[in-house]
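Side chains are part of it too, since the values below use all heavy atoms of this structure and drop only hydrogens, waters and symmetry mates.
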Amino acid sequence: MEYTTLGNTGIKVSRIGFGGIPIQRITEEEAASLIRKLPEYGINFIDSARGYTVSEEYIGAGLEGIRDKFVLATKSMARTREAMAADIDISLKNLRTDHIDIYQVHFVNADNLKTIIGPGGALEALLEAKAEGKILHIGLTTHEVAVFEKALDMDWVETIMFPYSFVETQGTELIKKCKELGKGFICMKPLAGGAIENAPLAMRFIAANDGVSVNIPGMASEAEIAQNAKAAADPTPLTEAELAEIERIRNTLGSQFCRRCNYCQPCTVGINISFCFTINGYLTRYGLGDWAIGRYKSMAVEPNACIECGACESRCPYNLPIINMLKDVYNNFSKVL
């Protein structure tokens, strides 16, 4: 495993970290077992969030007795001082630790940033917690290029988490600036929310960018850990064939695809929006029609139930035309049912 320094924090981190989203779908015992296996693969960075239901608690169970082997990061969507202070204490309890290495403001956009840094905002609680030793460093996560740019000029921001993959390269130049300014860059959505199926190729593409401090694919099995760790440590340059495959995938996905961040949820009428787009991909792109049809039939609410209220579109960080995309899903499945 290759290690790098996380910006100006002085912390050494593995180039691949453990993303804590997928462990929500396994048991606490299984998740704890995975955490205990990470050192065998050289992985020392773990990322979670208050919003990932049981993720922090599961990770905390796995950290018992081996907390000192890891750099621990988590995050909160709290916007006010009071709410952030409460979330930091909950995270400490869930993770069974007396300090968190990186505490991040989660899902920052241009509007809520004003609240976060304003009087009575979340930043006040973060700075207080840092002074008390509860957290060691402060970061933020965003899906917006404009917020990424602003964060580069904010002294309190020590790490920035932003989507980066071979189908989402809008942050490439900002990643370079991140390194130049001494801010750690944490890569999220390395598989574009599951849209990229070739994980080894995706991991190698990201590993080739030395501006990426740590890449945090979500993992819920030892096989995924082994695969990602191996790919990230592969120094072989991408071949012409692999570059051609990357271009093919880019052309297939285009720019309007769901990253399964689920910020669009909950749907007013109960449509599982990201699931609709996932199975549509299996039907139209990956040749798994029977599997997709079976999953479509199991849905409690079909995509044509959409009442076009627009609530989902107002929450989507990628400004996707979700209403029209749901219509496409319904039309695609109507043709095969």
Side-chain angles (χ1 to χ4, degrees), residues 19-26 47-58 74-79 83 87 90-91 94 104-113 115-116 140-144 147 161-163 165 167-168 188-196 216-218 220 253 255-284 292 294-333:
I21 293 180
I23 58 171
Q24 297 173 93
R25 63 173 182 258
I26 61 178
D47 179 80
S48 185
R50 290 290 306 111
Y52 299 165
T53 63
V54 295
S55 177
E56 286 185 337
E57 295 172 80
Y58 284 9
T74 193
K75 44 196 177 289
S76 164
M77 290 184 70
R79 304 308 184 209
D87 268 0
I90 293 171
S91 292
N94 287 345
Q104 304 154 104
V105 193
H106 195 179
F107 191 42
V108 179
N109 60 39
D111 290 332
N112 60 46
L113 180 59
T115 302
I116 291 163
L140 64 72
T141 83
T142 184
H143 293 73
E144 297 184 4
V147 173
M161 183 186 293
F162 190 79
S165 69
V167 297
E168 288 194 272
M188 68 165 157
K189 299 278 186 262
L191 298 176
I196 299 172
I216 52 167
L253 286 175
S255 60
Q256 292 189 342
F257 62 91
C258 176
R259 283 78 166 177
R260 295 192 294 186
C261 63
N262 286 318
Y263 292 124
C264 59
Q265 302 285 170
C267 169
T268 304
V269 295
I271 300 170
N272 189 336
I273 297 170
S274 63
F275 184 72
C276 286
F277 299 148
T278 297
I279 60 174
N280 189 56
Y282 282 113
L283 177 71
T284 61
R295 298 306 185 277
Y296 183 89
K297 289 179 177 179
S298 72
M299 289 195 302
V301 185
E302 292 187 49
N304 63 322
C306 174
I307 61 173
E308 302 189 17
C309 67
C312 56
E313 293 189 353
S314 70
R315 295 190 291 257
C316 177
Y318 297 98
N319 299 310
L320 294 178
I322 294 174
I323 294 170
N324 286 332
M325 289 171 69
L326 286 173
K327 290 178 181 178
D328 288 340
V329 174
Y330 179 72
N331 290 335
N332 288 335
F333 278 94

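- In plain terms, the two heavy atoms of G20 and S55 that are nearest each other are O-OG, 2.6 Å.
- Taking both residues in full, the closest heavy atoms of Q265 and C267 are given as NE2-N, 3.2 Å, listed atom of the first, atom of the second, then distance.
- With sequence neighbours excluded, the residues that form a salt bridge (charged side-chain N to carboxylate O under 4.0 Å, His left out) with K75 are D47.
- Shown here for S165 and K189, the closest heavy-atom pair between the two residues is CB-O, 3.7 Å.
- In terms of modelled atom types and a separation under 3.5 Å, the side chain of E313 and the main chain of I322 share a donor-acceptor contact.
- Taking 4.5 Å as the limit, some side-chain heavy atom of I216 sits within range of a side-chain heavy atom of M161.
- Taking the side chain to side chain donor-acceptor pair (under 3.5 Å) definition, one finds that E308 meets it with K327, sequence neighbours left out.
- Scored by the side-chain contact (heavy atoms from CB on, under 4.5 Å) test, T115 finds R79 as partners (sequence neighbours excluded).
- Residues M299 and F333 fail the side-chain proximity criterion, which asks for heavy atoms closer than 4.5 Å.
- Residues passing the side chain to side chain donor-acceptor pair (under 3.5 Å) test with N324, sequence neighbours excluded: none.
- A distance of 11.0 Å separates CD of E57 from CD of Q24, quoted to the nearest 0.5 Å.
- Scored by the side-chain contact (heavy atoms from CB on, under 4.5 Å) test, A195 finds A192, L253, F257 as partners (sequence neighbours excluded).
- In this view, N109 and N112 satisfy the side chain to side chain donor-acceptor pair (under 3.5 Å) rule, not counting sequence neighbours.
- Side-chain contact check for L320 versus R259: some heavy-atom pair is nearer than 4.5 Å.
- Residues in residues 265-275 take part in no salt bridge (charged side-chain N to carboxylate O under 4.0 Å, His left out) pair, two or more places apart or across chains.
- Minimum interatomic distance between T74 and S91 (heavy atoms only, all atoms of both residues): CG2-OG, 3.8 Å.
- Between S48 and E56, the side chains place no donor N or O within less than 3.5 Å of an acceptor N or O (distance only, hydrogens not considered).
- Taking both residues in full, the closest heavy atoms of D87 and S76 are given as OD2-OG, 2.5 Å, listed atom of the first, atom of the second, then distance.
- Once rounded to the nearest 0.5 Å, the distance linking CE of M325 with SG of C312 reads 10.0 Å.
- Under the ring pair (Phe, Tyr, Trp, His ring centres under 6.0 Å) criterion, Y58 pairs with no residue at all, not counting sequence neighbours.
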Going by atom type alone, with no hydrogens or angles, which donor-acceptor pairs under 3.5 Å involve a side-chain atom of residues 271-279 and a protein atom two or more places apart or on another chain?
| from | atom 1 | to | atom 2 | distance (Å) |
| --- | --- | --- | --- | --- |
| N272 | OD1 | F275 | N | 3.3 |
| S274 | OG | N262 | OD1 | 2.6 |
| T278 | OG1 | S274 | O | 3.0 |

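- With sequence neighbours excluded, the residues forming a ring pair (Phe, Tyr, Trp, His ring centres under 6.0 Å) with Y263 are F107, H143, listed by chain and number.
- For residues 271-282, no pair satisfies salt bridge (charged side-chain N to carboxylate O under 4.0 Å, His left out), with sequence neighbours left out.
- Pairing each heavy atom of M188 with each of T142, the nearest pair is CE-O, 3.2 Å.
- Using a 4.5 Å heavy-atom cutoff, the side chains of D328 and N280 are not in contact.
- Annotation: side chain to side chain donor-acceptor pair (under 3.5 Å) contacts of E302 (sequence neighbours excluded): Y296.
- The line from OH of Y330 to SG of C306 is 13.0 Å long, rounded to the nearest 0.5 Å.
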